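In this text, all values refer to a predicted model and were calculated from it rather than measured experimentally. Counting begins at 1 with the first residue of the sequence.
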Amino acid sequence: MQATESIQKLRGVGTQRIAQLEKLGIRTIGELLLHYPRAYIDLSAPFSISGAPYDQPCVIRAKVLRKYPPVRLHTGISLYRVQAADESASLELTFFNTKFAVDQLDCDTAYLFYGRAEGSLLHRTMSAPQIYPLQNAHLYQPVYPLTAGLSNKVLFGLITQALQHKPQLPELLPEALRQELLLDGINEGIFNIHLPQNADQLTRARRRLMFEELFTLAVGIGLLRTQTRNCRALAMQPCSMQPFYAALPFTLTGAQQRAITELLSDLQGTTPMNRLVQGDVGSGKTMVAAAGAYFVAQSGAQAALMAPTELLARQHYEGLSSLCGSLGMRIGLLTGSMTAAQKRKVRQQLEAGEIDLCVGTHALLSEGVSFHRLALVITDEQHRFGVAQRAALQQKGEHPHTLVMSATPIPRTLALMVYGELDVSVIDELPPNRQPVKTYKISSGKRERAFGFIRQHLDRGLQAYIVCPLVASGEVETGLQAATDYAAQLSSNDFSGYCVSLLHGKMSASEKERVMAGFQAGSIQLLVSTTVIEVGVDVPNAVIMMIENAERFGLSQLHQLRGRVGRGSEQSHCILLSDTRSPDTLERLMMMCRSNNGFEIAEYDLKTRGPGNFLGQQQHGLPKLRIADLTTEPELVAQAQAAAQTLLHEDPALSQPAHQPLRQACEQLMDAVGERPN
């Protein structure tokens, strides 16, 4: 049986099973074998009944003493109880509608039971346990990601059946590299990840497969980088930046000046620039981008700045208009909500070269938008655009230079993979006169005190945000604050004497623009909002943010939200309201109270939540990894990158016959994010 053959070749795989497996991305034998376990049930060291933990599932070894007659409940469920014991205590097992599970148990025989043990010290209970014979052939029982209608037992049976046919998967790692790093072969690794006989086999298999995945990703990104560097970009001519600096109403920080120097150096080269400007909220990344646009305009070329929302695009446009206008630059705006006539006029000006800097949303990517001489592409909040979107904007020019900005601090281990093809500038200073935001965690019992604190600040002419996780009640589960209902409630009760307004993502662009204009002008005192204000909204007079159901957000998102206050000289405050009792969640929220350092928070968030949650799996341009973990294996990441660099130095295009399987795997991996090496 070949790895490329259909799963239909396996016994028990009919039309219904095929549909279930396809939901997991499994169509071939090879894809089935690459569906790795997410965890294992370790049967090698069972607990005694009295020694079993109360807070997590575990394996207990116990002898069956008796089976009780079944009980028929009024709900129609049949209840089966079995008494088991060991030398330390008794264990009562409960089964629901599973007569066959009880029938397989023999009295006076010991078994391994897996489940959550509860009850008292001398009398423990376990509901619906999994049952294993003592002499189980597989001491490490794999637990797989599943889909509706497909049980772990069925999936494990199919994988075991496939392994019996010994299909050969392509070996992606060069032999010399495997020997150097003492890595198993691919087929040995695949067998042992599903059917490990001991802990050593499992550890070796995981290391082999994780390395292969990281290595393939590093090689794929390396191919993209080589491909980019073989292109020729427009080289900008040196010019004085003094007029730009003189037009600024403030002095740039040292970090901003350093980033601008790196940017201008790149722009004068013929290799297309790929640079990430990474800085905490409020660090002044936009001024770095403006400097680049000014520099490009002095060579008679154009720049485009793409923002993720119309709100942010318009804010960028308004913020840059006065600066660019004073420097003689022509600036345009292109968003989806503009009229057809407005869009047509901007497109004509772009094509004629009458706009030096065009700010917009993804409308910049639409057909019919062509530039006269596009030399610099700037994307704000890069992780909110897929790789394919970024590439689409680049294709509007002849290998333009690329600058991506992100206020989401990316830890180094993740940046190596997500932005492996980029050079990085870090803005690690805040503008002067900015005070760190004071952050507090409270429960709902102190909500009224928090409201009083907010009213004191509103009475002084300042403003505040209250952020909710939902737009309207009934969207998801109950118990969460919804912005629409909450805004109405606050207007008529706790803040009846104040101007309260509502902002959420389902409002039309004109409605959002009207509300934000009122908030920026100060006529709206309290803004009840969803996370639509997470990125870019800049109102220095807003000094308090209260976040309802704070446990629903990741730390990096909370940090982004908190960045909407503390943008002026007044002391600002962030109040995290949560009734969570989870120790892990409480610790995450307390991390927010302890630190204002975005990079420190990002590292913690990455370690506790993983890269998918950290950036949003479908947004950040990183292919979904099957087994590798960027958060816990920094040494393996470094090894994989070093090996990838060595290989690409020897064979830059992977043109050697021995490297063809690796090149094909790289293409498949990069196809997942819309960017394939040529």
Evaluation steps, side-chain contact (heavy atoms from CB on, under 4.5 Å), between L323 and Y294: CA-CA 10 Å; L323 173 64; Y294 172 80; over 6 Å; no
In sequence, state the C-alpha distance, the side-chain angles, and the governing distance for M405 and V288, and then conclude on side-chain contact (heavy atoms from CB on, under 4.5 Å). CA-CA 9 Å; M405 304 189 292; V288 175; 6.0 Å; no
side-chain contact (heavy atoms from CB on, under 4.5 Å) for V528 and Q489? Distances and angles first, verdict last. CA-CA 11 Å; V528 180; Q489 175 191 325; over 6 Å; no
Steps toward salt bridge (Lys or Arg N to Asp or Glu O under 4.0 Å) verdict (R314, E513): CA-CA 9 Å; R314 186 165 292 278; E513 190 178 319; 3.0 Å; yes
Just do the side-chain contact (heavy atoms from CB on, under 4.5 Å) check on I260 and Y245 with the steps written out, would you? CA-CA 11 Å; I260 289 172; Y245 296 133; 3.6 Å; yes
Audit row: Y465, F519, ring pair (Phe, Tyr, Trp, His ring centres under 6.0 Å) steps and yes/no: CA-CA 10 Å; Y465 300 96; F519 194 58; 5.0 Å; yes
Starting from the C-alpha separation in whole Å, work towards a yes-or-no answer on side chain to side chain donor-acceptor pair (under 3.5 Å) for S425 and E262. CA-CA 8 Å; S425 295; E262 293 167 345; 2.4 Å; yes
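Within the 4.5 Å cutoff, side-chain heavy atoms of L320 are placed close to those of M287. A heavy-atom distance below 4.5 Å is not found between the side chains of C468 and N549. Proximity of E354 to R330: side-chain heavy atoms (C-beta onward) are separated by under 4.5 Å at one or more points. Counting heavy atoms from C-beta outward, V543 and R460 have side chains that stay 4.5 Å or more apart. Looking at heavy atoms from C-beta onward, R564 lies out of side-chain contact with V539 at the 4.5 angstrom threshold. Within the 4.5 Å cutoff, side-chain heavy atoms of R258 are placed close to those of D428.
S578 contributes atom OG, which lies 9.0 Å from atom CZ of R588 (distance to the nearest 0.5 angstrom). Here H316 contributes atom NE2 and M306 contributes atom CE; the two are 11.5 Å apart, rounded to the nearest 0.5 Å. Here the straight-line distance linking atom OG1 of T580 with atom CZ of R552 works out to 10.5 Å at 0.5 Å rounding. We find the CG-OG1 distance between L312 and T335 to be 12.5 Å, quoted to the nearest 0.5 Å. Here E448 contributes atom CD and F453 contributes atom CZ; the two are 15.5 Å apart, rounded to the nearest 0.5 Å. Between atom NE2 of residue H573 and atom CE of residue M545 there is a gap of 13.5 Å, rounded to the nearest 0.5 Å.
Of all the heavy atoms in G336 and A363, the pair that sits closest is N-CB, 3.9 Å. Annotation for A375 and L234: closest pair CB-CD1, 4.2 Å, computed over non-hydrogen atoms. The shortest non-hydrogen separation linking H372 to Q302 is N-OE1, 2.8 Å. The minimum heavy-atom distance linking P238 with F295 is given by the pair CA-CZ, 4.1 Å. Annotation for Q463 and L458: closest pair CA-CD2, 3.8 Å, computed over non-hydrogen atoms. Contact detail for H401 and D266: the closest heavy-atom pair is CE1-O, 3.7 Å.
Dense packing is recorded around CZ of R594, with more than 12 heavy atoms of other residues, nucleotides or ligands lying under 6.0 Å away.
Both tests pass for R455 against the ring of F495: distance under 6.0 Å to the centre and angle within 45° of the axis.
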